[in-house]
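Owing to the predicted nature of the structure, the values given are computational and were not obtained by experimental measurement.
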Amino acid sequence: MPEPTIDVANADLLLSTTRAVRKRLDLERPVPREVILECIRLAVQAPTASNSQTWRWVVVTDAAKRAAHSDLNGATARPYLEAGARGEMSPDRQTIRVYESALYLLDVLARVPVHVIPCIEGRVGGPGNMSGASFYGSIMQAVWSFTLGLRARGLGTVWTTLHLQREEEAAELLDIPHDSVSQVALLPVAYTLGTDFKPARRGPVEEITYWNTWGATS
C-alpha cells in the first residue's frame with residue numbers, strides 16, 4: 001500500500017490559524033470527556049527527552065474546583081493584567097488589546113467548561129540552560145500538539161502561566177504532589193464561537209532568520 005501523504009495546505013492552515021483564544025470561548029457548550037482524551041492521545045505522540053514520557057494531565061471539570069482555581073489565578077494575575085490594559089507595559093495598541101482580552105478571560109475563567117493543567121514529573125534542577133530546556137521541552141511540545149488537536153475539532157484554548165506564582169496552593173487544591181510534579185500552564189478549554197480564525201500579522205521571517213552566523217540574514 002502507498003504511504004499516506006499529508007495535505008500540506010490543510011496542515012499549513014491548521015498551524016497558521018491556531019490562535020490564543022480568550023473572548024471566543026463558548027462558555028455554555030459542554031465539552032465531552034472523550035474529546036479531551038482524543039487530544040491528549042495526540043499530544044503524547046510528541047517527543048520527550050530520553051523518551052521519558054513523564055507528562056501528566058490534570059483535567060478540571062468540577063465547577064467548584066474551577067471557581068477556586070480561578071480565584072487563585074485572579075489573585076496574582078489581575079494587578080498585572082490591569083496594568084497592561086492601561087498601557088503601562090507597552091503603549092502598542094495591539095499589545096494593550098491582548099491585556100484587555102486576558103482580563104476578560106480572567107473574569108469568565110470559572111465559567112470555561114474545562115481547565116487543563118499540563119504537568120511533568122519532577123522539578124527542574126541543575127544550573128545552566130540545558131537542564132531547563134530538556135525538562136520543559138518534554139512537555140511543551142506535547143501541549144502544542146494538544147492545542148492543535150483542539151483546533152482541528154472546533155475547540156480553542158490559550159497558554160496561561162500566572163497561577164504558577166502560587167503553584168503550591170494550586171497543587172494543594174488539586175492534590176498534585178508539588179515536590180515531585182511541576183505544573184507548567186493552565187489551559188482553559190472550550191468550543192470556539194466560530195472557527196474562522198486567520199493567520200496573525202507577523203514581520204518578515206527573513207529579518208529574524210540568520211544563516212551560519214548570528215545576524216547574517218543572507
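Panel note: side chain S90, backbone T95; no donor-acceptor pair is recorded below 3.5 Å. Looking at T209, its side chain never comes within 3.5 Å of a backbone N or O of E206 through a donor-acceptor pair. For T76 (side chain) and L162 (main-chain N/O), a donor-acceptor pair under 3.5 Å exists by modelled atom type. With hydrogens and angles ignored, the 3.5 Å screen pairs a side-chain donor or acceptor of R19 with a backbone N or O of S16. Listed for the T48 side chain is a donor-acceptor partner under 3.5 Å among the backbone atoms of Q53. For R29 (side chain) and L193 (main-chain N/O), no donor-acceptor pair under 3.5 Å exists by modelled atom type. Remark: the backbone N or O of L14 is paired with a side-chain donor or acceptor of T18 at under 3.5 angstrom. Using a distance-only test at 3.5 Å, with no hydrogens or angles considered, no donor-acceptor pair links the side chain of R22 to the main chain of L105.
Residue I176 is grouped with residue L173 when hydrophobic side chains (ILVMFWY) are merged at heavy-atom distances under 4.5 angstrom, including chains of intermediate members. Cluster annotation: M140 and L187 are assigned to the same hydrophobic cluster (Ile/Leu/Val/Met/Phe/Trp/Tyr, side-chain heavy-atom contacts under 4.5 Å, transitive). Linking Ile, Leu, Val, Met, Phe, Trp and Tyr whenever their side-chain heavy atoms come within less than 4.5 Å leaves L72 and W159 in two separate clusters. Placement of L25 and Y104 within a single hydrophobic cluster is found when ILVMFWY residues are connected by side-chain heavy-atom separations under 4.5 Å, directly or transitively. Residue V59 is grouped with residue V44 when hydrophobic side chains (ILVMFWY) are merged at heavy-atom distances under 4.5 angstrom, including chains of intermediate members.
Rounding to the nearest 0.5 Å places CG of D71 at 9.5 Å from CZ of R166. To the nearest 0.5 Å, atom OG of residue S70 and atom NE2 of residue H115 are 4.5 Å apart. Atom CG in L103 sits 10.5 Å away from atom OH in Y99 (nearest 0.5 Å). For the atom pair OG of S180 and CD of E121, the computed distance is 7.0 Å after rounding to the nearest 0.5 Å. Put simply, CG on D26 and CZ on R111 are 10.0 Å apart, with the number rounded to the nearest 0.5 Å. Of the inter-residue distances, the one linking F135 atom CZ with I120 atom CD1 reads 5.0 Å to the nearest 0.5 angstrom.
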*Show the numbers, then the answer: is there a side chain to side chain contact (heavy atoms under 4.5 Å, CB included) between W55 and V143?*
CA-CA 10 Å; W55 40 48; V143 173; over 6 Å; no
*Checking side chain to side chain contact (heavy atoms under 4.5 Å, CB included) for the pair V35/R153: CA distance, chi angles, key distance, verdict?*
CA-CA 8 Å; V35 172; R153 289 161 175 75; 4.2 Å; yes
*asked:* Using the rule given for salt bridge (Lys or Arg N to Asp or Glu O under 4.0 Å), can you reason through D107 versus R78, listing the C-alpha separation, both sets of side-chain angles and the distance that settles it, and then say yes or no?
replied: CA-CA 9 Å; D107 289 337; R78 188 169 298 279; 2.9 Å; yes
*Checking salt bridge (Lys or Arg N to Asp or Glu O under 4.0 Å) for the pair R93/E100: CA distance, chi angles, key distance, verdict?*
CA-CA 10 Å; R93 184 57 200 160; E100 292 172 342; 3.2 Å; yes
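Of the N and O atoms on the side chains of T17 and R151, at least one donor lies less than 3.5 Å from an acceptor on the other residue. A side-chain donor from one of Q183 and H163 sits under 3.5 Å from a side-chain acceptor of the other.
For E172, the CD atom is loosely surrounded, since the number of other residues' heavy atoms within 6.0 Å does not exceed 12. In this structure, E168 places its CD atom where only 12 or fewer heavy-atom neighbours from other residues, nucleotides or ligands lie under 6.0 Å away.
V60 places none of its side-chain heavy atoms less than 4.5 Å from the side chain of H69. Looking at heavy atoms from C-beta onward, L27 lies in side-chain contact with V108 at the 4.5 angstrom threshold. Counting heavy atoms from C-beta on, the side chains of V21 and T157 never come closer than 4.5 Å. Inter-residue side-chain proximity for Y136 and V184 is flagged as met; some heavy-atom pair is nearer than 4.5 Å. Looking only at side-chain heavy atoms (C-beta outward), F146 and V116 come within less than 4.5 Å of each other. The shortest distance between side-chain heavy atoms of I117 and L174 falls below 4.5 Å. Annotation: side chain of C119 is not in contact with side chain of I139 (no heavy-atom distance under 4.5 Å). Within the 4.5 Å cutoff, no side-chain heavy atoms of S145 are placed close to those of Q45.
The two residues P30 and Y191 come nearest to each other via the heavy atoms O-CE1, 3.4 Å. V31 and V189 get closest at one heavy-atom pair: CG2-O, 4.4 Å. Across all non-hydrogen atoms, the minimal contact from G84 to I96 is O-CG1, 4.0 Å. The two residues P188 and L109 come nearest to each other via the heavy atoms CB-CD1, 3.8 Å. Heavy-atom minimum distance, G156 versus T192: N-CG2, 3.4 Å. In plain terms, the two heavy atoms of P118 and A185 that are nearest each other are CD-O, 3.4 Å.
Residues passing the side chain to side chain contact (heavy atoms under 4.5 Å, CB included) test with R41 are E34, L37, E38, sequence neighbours excluded. N129 pairs by the side chain to side chain contact (heavy atoms under 4.5 Å, CB included) definition with nothing, not counting sequence neighbours.
Screening residues 197-218 for ring-ring contact (aromatic ring centres under 6.0 Å, His included) gives Y210-W214 as the qualifying pairs, with residues at least two apart or on separate chains.
The pair R24-D196 counts as a salt bridge, with a side-chain nitrogen and a carboxylate oxygen less than 4.0 angstrom apart.
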